[in-house]
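The structure under discussion appears below in the form of structure tokens.
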Amino acid sequence: MKNPAVDAYIAKAPPFAKPILKKIRELFHQACPEIEETIKWSCPSFDRDGGIGIMAAFKAHCRLVLWKKVTEKITTVAQLPKLAAFRAAVKARSAGKSWMPPRKPKPPLKVPPYFLAALRKNRKALAAFEAFAPGYRREYVEWILEARTDATRERRMAQAVAWIAQGKSRNWKYR
């Protein structure tokens with residue numbers, strides 16, 4: 001089923017991109033007549049029992065993510081994959097294969113002893129740090145470990161202890 005939001009996306013695309021986007025859309029519908037069109041991440045997405053592909057137009061090129069394969073920059077219709085590639089993506093999704101490759105587990109977090117010592121000087125900071133989710137703790141530890149000089153590391157540790165005592169994550173400004 002065609003979505004008017006995808007029509008609007010194509011209409012706003014640069015002139016060179018319109019025939020490319022229309023052809024991609026046509027190929028998705030030929031590969032799977034029941035495909036659903038949505039807008040995800042501000043781009044047209046094609047789903048059936050989960051995501052199958054997404055297309056995007058930029059100033060001078062288009063991109064197509066077809067199942068797990070990202071195309072190179074597309075500037076002409078002739079560069080598009082054949083219908084068989086679209087059918088293979090639909091078949092893979094219908095078979096229940098995962099869109100994303102499995103994540104590799106991160107190694108256990110090792111908090112440097114000098115950072116633990118700084119945290120222990122402030123009970124509130126230590127309690128908050130221990131209550132943080134592992135990802136929040138990792139962000140602080142990695143930030144401190146990335147310091148190239150001792151002076152930078154000391155400055156970051158002081159800042160980290162102050163923020164942690166307030167219950168703030170490392171990137172609290174951007175959330």
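All residue numbers in this chain count up from 1 along the given sequence.
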Is there a donor-acceptor pair under 3.5 Å between the side chain of [X] and the backbone N or O of [Y]?
| X | Y | value |
| --- | --- | --- |
| Asn122 | Ala125 | yes |
| Tyr136 | Lys168 | no |
| Lys18 | Ala11 | yes |
| Glu36 | Arg48 | no |

Consider only side-chain heavy atoms of I, L, V, M, F, W and Y, link residues closer than 4.5 Å, and tell whether [X] and [Y] are in one cluster.
| X | Y | value |
| --- | --- | --- |
| Leu126 | Tyr114 | yes |
| Leu64 | Phe16 | yes |
| Ile144 | Trp172 | yes |
| Leu83 | Val77 | yes |

Drop me the distance from [X]'s [atom1] to [Y]'s [atom2], to the nearest 0.5 angstrom.
| X | Y | atom1 | atom2 | answer |
| --- | --- | --- | --- | --- |
| Ile164 | Glu130 | CD1 | CD | 11.0 Å |
| Ile24 | His29 | CD1 | NE2 | 12.0 Å |
| Lys12 | Asp7 | NZ | CG | 12.0 Å |
| Ile52 | Leu66 | CD1 | CG | 9.0 Å |
| Lys173 | Trp163 | NZ | CH2 | 4.5 Å |
| Ser169 | Tyr174 | OG | OH | 11.0 Å |

Compare all side-chain heavy atoms of [X] with those of [Y] and state whether any distance is below 4.5 angstrom.
| X | Y | result |
| --- | --- | --- |
| Arg156 | Thr152 | yes |
| Asn171 | Glu139 | yes |
| Leu145 | Phe115 | no |
| Ile39 | Pro44 | yes |
| Val111 | Arg137 | no |
| Lys2 | Glu37 | yes |
| Phe46 | Ile54 | no |

If every non-hydrogen atom of [X] is compared with every non-hydrogen atom of [Y], which pair is closest and at what distance?
| X | Y | value |
| --- | --- | --- |
| Val90 | Ala31 | CG2-CB, 4.2 Å |
| Asn3 | Arg25 | O-NH2, 3.3 Å |
| Met55 | Cys43 | O-CB, 3.2 Å |
| Pro108 | Arg138 | C-NH2, 4.3 Å |
| Ser42 | Tyr9 | O-CE1, 3.4 Å |

query: After noting the C-alpha distance and the side-chain angles of Thr75 and Gln79, does the key distance pass the side-chain contact (heavy atoms from CB on, under 4.5 Å) rule?
result: CA-CA 7 Å; Thr75 55; Gln79 294 173 303; 3.0 Å; yes
Pair Glu142 + Arg170: basic N to acidic O under 4.0 Å: no
message: Under a plain distance cut-off of 3.5 Å, with no hydrogens placed, do Ser45 and Asp47 share a side-chain donor-acceptor pair?
response: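 Checked: Asp47/Ser45 side chains pair up, N/O donor to acceptor below 3.5 Å.
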query: Under 30°, 30 to 60°, or over 60°: which ring-plane class applies to Phe132 and Phe129, parallel, tilted or perpendicular?
result: perpendicular
message: For Phe86, run the side chain to side chain contact (heavy atoms under 4.5 Å, CB included) check against Leu80, Ile35, Leu27 and tell me which one passes.
response: Leu27
